[in-house]
Amino acid sequence: MGKNLYVTTAIPYVNGAPHIGHALDYLLADVWARYQKQNGKTVRFQVGTDEHGNKIAAKAAEANMAPKQYTDQMATVFESFIKKVGAEYTDFVRTTDPHHEAAVQWIWQKLQPYIYKGSYEGWYCTGHEAFFTDKEVEATGGVCPDHQKPYERISEENYYLKASAFTDQVREAIEKNKMRIVPEFRKKEFLELMKDGLKDVSISRPRKTLTWGVPVPGDPEQVMYVWLDALANYITVLGYPDKEGWQEYWPADVQVIGKDILRFHAGIWPPMLLGLGISLPKTLLTHGHVNVGGAKMSKSVGNVVDPNGIMDTYGVDAFRYFFARHIPTQDDGDFTWEKFETSYNTELGNDLGNVVQRVASMLVRYQAGVIGEAPQSEHDMRPYREAMENLQFNVALDQVWLMVRSLNQYIDTVKPWEIAKTKDTDQDAAEHLAEVLATSVGNLLQIADLLVPFMPSTAKIIHDTFGTGVVTAVPAVMFPKLYVHTPDPRGGSQPAAPTVANEQPADHA
RNA sequence: CGCGGGGUGGAGCAGCCCGGUCAGCUCGGUUGGCUCAUAACCAACAGGUCGCAGGUUCGAAUCCUGCCCCCGCAACCA
């Protein structure tokens, strides 16, 4: 049934360590993929690394390594990071892969009708051997701060992709949602941006200024420059153009990107595809950025939050939960350690973990763990499904928590512990108790189902605990309280021991 | 007049497109209940000019106009 599905993530430029922005890409793509798989679909899921360019070559030189040696190392770093986030990708593409490089050269030739030679003029720093944008030049007063030399206005020859030729086609595809840009306001924003037409884009650099890249076929003096090389990964990883089967997955169903690169994915990528004569992706899911305490995360400010630290302390599922629910899927979000920890302790610990605990405990205590027939929960799944289909994962999780809360309310209303008092003498009471607990289990199992895309390990624990009809033992406490960044309300008389393996710096203010 | 987003009880948000049944949710605070549970859970309360000023309407957080403030973007940086 149905076509196989394909989801992609932006391939990070490997000149730095993985950060939260990358994690968000992987997480959103993975949530979507797991949801689809849960519904019986076959999903191909691409991740990868962008490895060419001067900055990479410079980084490598810094580390006294060959570029490829450096990117080999970085690719490993990213791969293990992606695994750590729990993303079940199927393909890992590197722009230095032989097949990718060959495919990009093939693409270059295929795009010949839309490639022309022109000159690029800009501010150049001989020390950096690179161009700088007007904004950067302006900000530094026209003098390179690193080399104390004024920028030079120079021009150089390079090749351009005639993206402008596809303006009308691209606009129509976006307007008619043939290529859907999510959320709607980003679509609007981009259409406004391209109001005067798409701009042709420079896609090569002279070899003398760029050495680390894919050679331009037929012109030894030129090397390909970022976008053509990087964007092509989405199809080359599937085997385009020469290997069988890429058509099974292209066009992509969802391409997950950050808001900062929408313009390239909406303004350069579609022209490339149209030039090659293949379909546009169906959806560009554009997520926002993660701020810290309302401010942009930046190295110079020093407020960068390392996702590894979060995962190490609170666990992967807690990490996935927070970023899926409290960073709106389609908009900017805000992270603080206080918010994170509060969410962890209250929503995961008090709400979810605790309800699992209390139901399991009652089953063991009152019925020797025997569940009996757990009835199907009668909750209305439509709001959740709708949110998932609309790519509003945070809204879907809100729905799940409504269920968690209502289960707690149900238990408090029915008071199984009251019923249990007479269960040994009153057959009706015993039956009633069994029914109440079975109903609770039915709810928990459904909650676990809905959590599968978001918190796979947690969902598995719940399924394993209640799914067999007998609870053999009360499971270990899920999401034990942690007070690393928030005050411990359990009293200060005892040196409250948050069993945290590795402490993170508390504040970045 | 460059483009986009936003200003709702202490904090964070939903509602606005399809005007009234909207002033809602979570966290935090207070009080009470309960004891199955991770000092947890349940209930109630505390009361905010829905940025400001006009307008439309029987009626506006929700539509229109003007203004103020905050954030992001302004083509090759997640």
What distance, rounded to whole Å, do you find between the two [atom1] atoms, one in [N] and one in [M]?
N     : M     : atom1 : result
B/G15 : B/G20 : P     : 14 Å
B/A46 : B/G4  : P     : 42 Å
B/G24 : B/C67 : P     : 34 Å
B/A23 : B/U62 : P     : 14 Å
B/U31 : B/G12 : P     : 26 Å
B/G47 : B/G9  : C1'   : 7 Å
B/C68 : B/A53 : P     : 15 Å
B/U65 : B/A60 : C1'   : 15 Å

Would you classify [X] as touching base, sugar-phosphate or nothing, given that sugar-phosphate means primed atoms plus P, OP1 and OP2, and contacts are heavy atoms under 4.0 Å?
X      : value
A/K188 : sugar-phosphate
A/G349 : base
A/E418 : sugar-phosphate
A/Y13  : nothing
A/N408 : sugar-phosphate
A/E189 : base
A/I268 : nothing

With distance as the sole criterion, is a donor-acceptor pair present between the side chains of [X] and [Y] under 3.5 Å?
X      : Y      : result
A/H52  : A/D229 : yes
A/W269 : A/Q255 : yes
A/H485 : A/Y344 : no

N or O in side chain of [X] less than 4.0 angstrom from [N] OP1/OP2:
X      : N     : value
A/Q357 : B/A40 : no
A/K339 : B/C13 : no
A/K55  : B/C77 : no
A/N350 : B/U38 : no
A/R405 : B/C41 : no

Can you tell me how far [atom2] of [N] sits from [atom1] of [X], to the nearest Å?
X      : N     : atom1 : atom2 : result
A/F190 : B/G2  : CZ    : P     : 21 Å
A/L444 : B/A37 : CG    : C1'   : 12 Å
A/D331 : B/C73 : CG    : P     : 14 Å
A/M194 : B/C3  : CE    : P     : 17 Å
A/D412 : B/C34 : CG    : P     : 12 Å
A/L262 : B/C76 : CG    : C1'   : 14 Å
A/L352 : B/C41 : CG    : C1'   : 14 Å
A/N291 : B/A78 : CG    : C1'   : 13 Å

Residue [X], side-chain atoms from C-beta onward, closest of [options]:
X      : options             : value
A/K296 : B/U35, B/C73, B/G5  : B/C73
A/H19  : B/C73, B/U35, B/A78 : B/A78
A/K199 : B/A40, B/A37, B/A75 : B/A75
A/L193 : B/A75, B/C36, B/C76 : B/A75
A/R263 : B/A75, B/U35, B/G72 : B/A75
A/H289 : B/C76, B/C3, B/A78  : B/A78
A/R365 : B/C77, B/G5, B/A37  : B/A37
A/W417 : B/C76, B/C34, B/A78 : B/C34
A/N354 : B/U38, B/G5, B/C77  : B/U38
A/S202 : B/A78, B/C76, B/G5  : B/C76

Need the pair for [N]. Rule: Watson-Crick or G-U wobble, both distances under 3.5 Å, any strand; none if unpaired.
N     : answer
B/A61 : none
B/G12 : B/C25
B/A43 : B/U31
B/C52 : B/G66

> Which comes earlier along RNA chain B counting from the 5' end, the contact point of A/T413 or that of A/L348, where each point is its nearest nucleotide?
Replying inline: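 With A/T413 and A/L348 compared, the 5'-side residue is A/L348.
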
> In terms of the nearest nucleotide of RNA chain B, which residue is placed more toward the 5' end: A/D332 or A/M297?
Replying inline: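 Going by which nucleotide is closer to the 5' end, it is A/D332.
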
> Between A/K481 and A/D488, is a salt bridge (Lys or Arg N to Asp or Glu O under 4.0 Å) present by the stated rule, with each step listed?
Replying inline: CA-CA 9 Å; A/K481 290 294 161 54; A/D488 188 340; over 6 Å; no

> Taking the six-membered ring for Trp, are the ring centroids of A/F335 and A/F323 within less than 6.0 Å of each other?
Replying inline: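 Centroid distance A/F335-A/F323: below 6.0 Å, so yes.
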
> Per the side-chain contact (heavy atoms from CB on, under 4.5 Å) rule, which among A/T329, A/L28, A/L262 passes with A/H287?
Replying inline: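 It is A/L28, the one option of A/T329, A/L28, A/L262 that forms the side-chain contact (heavy atoms from CB on, under 4.5 Å) with A/H287.
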
> Does the side chain of A/Y410 come within less than 4.5 Å of A/N443's, by heavy atoms?
Replying inline: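 Of all side-chain heavy-atom pairs linking A/Y410 with A/N443, none is under 4.5 Å.
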
> Do the rings of A/H326 and A/Y321 sit parallel, tilted or perpendicular, given the 30° and 60° boundaries?
Replying inline: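 Perpendicular: the ring planes of A/H326 and A/Y321 meet at over 60°.
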
> Between A/R186 (side chain) and A/L284 (backbone), is there a donor-acceptor pair under 3.5 Å?
Replying inline: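 Here the side-chain-to-backbone pair does not exist.
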
